[in-house]
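Some notes on the structure that comes next.
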Amino acid sequence: IGFIFSLIISVIIRLFFEKITQIKELSELTKIPVLGGLPFLDNFDSILKIKIKSKDNFVESLRAIRTSLNFLMNDNSQSNNDFKSFLITSIHPGEGKTFTTLNLARIFASSGKKVLVVDFDMHKPKVHKELDLQNETGNSTNLSRKTSFEKSLIEIEKDLHVITSGPVPPNPSELVLSDEVKKLFAFVNKNFDYFFIDSPPIGY
């Protein structure tokens, strides 16, 4: 009875109380490359008030991820094309996906590269809310051929542009699978160095 009771306690502790607290632990538990980690922020007024040129721990963590991404891309590069694209997602809503996307884009733009962020979450878009922008036109109207990519660009900082999601469409899945997405990539490839896609959570 004592052995069974101890085993049950051990299982409960293992399942509910044991947590990954360091990046090294996570790296040892997965075969997926771990590029870095970000400290948790819970008291900020606006994304744009985070000073990308500072030596803050959060900003230094972003720089470390940028360095890891550049190393990974250079190591796996198969062509001379300098255009790079990233799709950012998370498991559940509210985990900081949009916040991370925008700040990673800002840290890349701060190095003098032209960067574009496009909000592909056309169910519950957040990019325009985080940046306090209008959302009458954007990705949904572009993919529906109602507006153009060029006219929906919004420059929020030097070398950093965004295209908001636009109005929530009745058929977001069809828009994402349309040929207009290929035209968007061709447009970004021609005009930008880096492309960040803010996508819906995969467990959504």
Side-chain angles (χ1 to χ4, degrees), residues 38 41 44-50 52 62 65-66 69 73 79 81-204:
L38 295 174
L41 296 181
F44 60 92
D45 297 326
S46 168
I47 286 177
L48 298 181
K49 288 186 178 180
I50 296 174
I52 290 298
L62 288 172
I65 292 175
R66 180 184 64 187
L69 282 171
M73 289 184 295
S79 68
N81 188 358
D82 291 331
F83 169 68
K84 305 294 189 301
S85 60
F86 307 98
L87 185 146
I88 314 295
T89 189
S90 64
I91 302 296
H92 304 291
E95 293 182 329
K97 170 180 56 63
T98 300
F99 179 81
T100 302
T101 301
L102 290 170
N103 278 298
L104 272 177
R106 292 179 70 207
I107 207 75
F108 272 86
S110 70
S111 64
K113 300 294 185 179
K114 292 192 67 177
V115 180
L116 175 64
V117 177
V118 177
D119 193 345
F120 261 84
D121 188 346
M122 288 181 280
H123 293 279
K124 292 184 178 180
K126 290 187 66 178
V127 168
H128 69 285
K129 295 179 181 178
E130 295 283 359
L131 299 174
D132 195 23
L133 299 173
Q134 298 296 319
N135 197 38
E136 284 78 13
T137 61
N139 196 31
S140 62
T141 55
N142 292 342
L143 299 182
S144 301
R145 302 181 185 178
K146 296 177 182 178
T147 53
S148 65
F149 303 129
E150 294 88 346
K151 292 185 178 180
S152 59
L153 289 174
I154 303 171
E155 186 171 11
I156 60 171
E157 289 182 341
K158 186 178 184 299
D159 293 324
L160 177 58
H161 294 75
V162 301
I163 296 178
T164 62
S165 69
V168 176
N171 57 340
S173 298
E174 293 179 18
L175 291 181
V176 171
L177 295 174
S178 69
D179 289 337
E180 294 302 308
V181 174
K182 296 178 182 178
K183 295 180 182 179
L184 171 62
F185 269 81
F187 168 76
V188 182
N189 192 3
K190 182 179 179 181
N191 296 282
F192 293 90
D193 299 306
Y194 293 96
F195 182 26
F196 286 83
I197 301 170
D198 186 41
S199 68
I202 60 176
Y204 192 28

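The first residue in the sequence is number 1, and the count goes up from there. As a basis for the values below, the full set of heavy atoms in this structure was taken, side chains included, without hydrogen atoms, waters or symmetry mates.
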If you measure from OG1 on T164 to CG on L133, what distance do you get to the nearest 0.5 Å? 7.0 Å

Geometric class of the F108/F86 ring pair [parallel <30°, tilted 30-60°, perpendicular >60°]: tilted

Pairwise distance CG(L87) to OG1(T101) - rounded to 0.5 angstrom: 8.5 Å

pair I91-I202: side-chain heavy atoms closer than 4.5 Å: yes

Could you tell me which non-hydrogen atom of L104 sits nearest to which non-hydrogen atom of F196, and how far apart they are? CB-CE2, 3.9 Å

Stepwise, does the side-chain contact (heavy atoms from CB on, under 4.5 Å) test hold for N139 with M122? CA-CA 8 Å; N139 196 31; M122 288 181 280; 4.1 Å; yes

Donor-acceptor under 3.5 Å (S140 side chain, S165 main chain): yes

Can you check whether S199's main-chain N or O pairs, donor with acceptor, with K97's side chain at less than 3.5 Å? yes

What closest approach, in Å, do R66 and I107 show between heavy atoms, and which atom pair accounts for it? NH1-O, 2.7 Å

Separation between CD1 of I52 and OG of S110, rounded to the nearest 0.5 Å: 6.0 Å

Between F149 and I163, which heavy-atom pair has the shortest distance, and what is it? O-CD1, 4.1 Å

Residue pairs meeting salt bridge (Lys or Arg N to Asp or Glu O under 4.0 Å), one or both in residues 135-158, sequence neighbours left out, come to R106-E157, R145-E180

Minimum-distance pair of heavy atoms, taken over all atoms of T89 and P201: OG1-CA, 3.8 Å

Rounded to the nearest 0.5 Å, the CG atom of L102 sits from the CG atom of D198 at a distance of 6.5 Å

Kindly determine whether N142 and L184 satisfy side-chain contact (heavy atoms from CB on, under 4.5 Å), including the steps that lead there. CA-CA 9 Å; N142 292 342; L184 171 62; over 6 Å; no

Can you tell me if K114 has over 12 outside heavy atoms packed within less than 6.0 Å of its NZ? yes

Check whether any side-chain N or O of S144 sits under 3.5 Å from a backbone N or O of T141 as a donor-acceptor pair, and report yes or no. no

What distance separates N189 CG from L116 CG, expressed to the nearest 0.5 Å? 12.0 Å

Whether D119 side chain and P125 backbone form a donor-acceptor pair below 3.5 Å: no

Heavy-atom closest contact (L153 atom, F187 atom, distance): CD1-CZ, 4.0 Å

Can you tell me how far NZ of K124 sits from OG1 of T98, rounded to the nearest 0.5 angstrom? 12.5 Å

Over all atoms of both residues, closest heavy-atom pair of L175 and L143: O-CD1, 3.7 Å

Under the 3.5 angstrom rule, does the side chain of N135 hit a backbone N or O of G166 as a donor-acceptor pair? yes

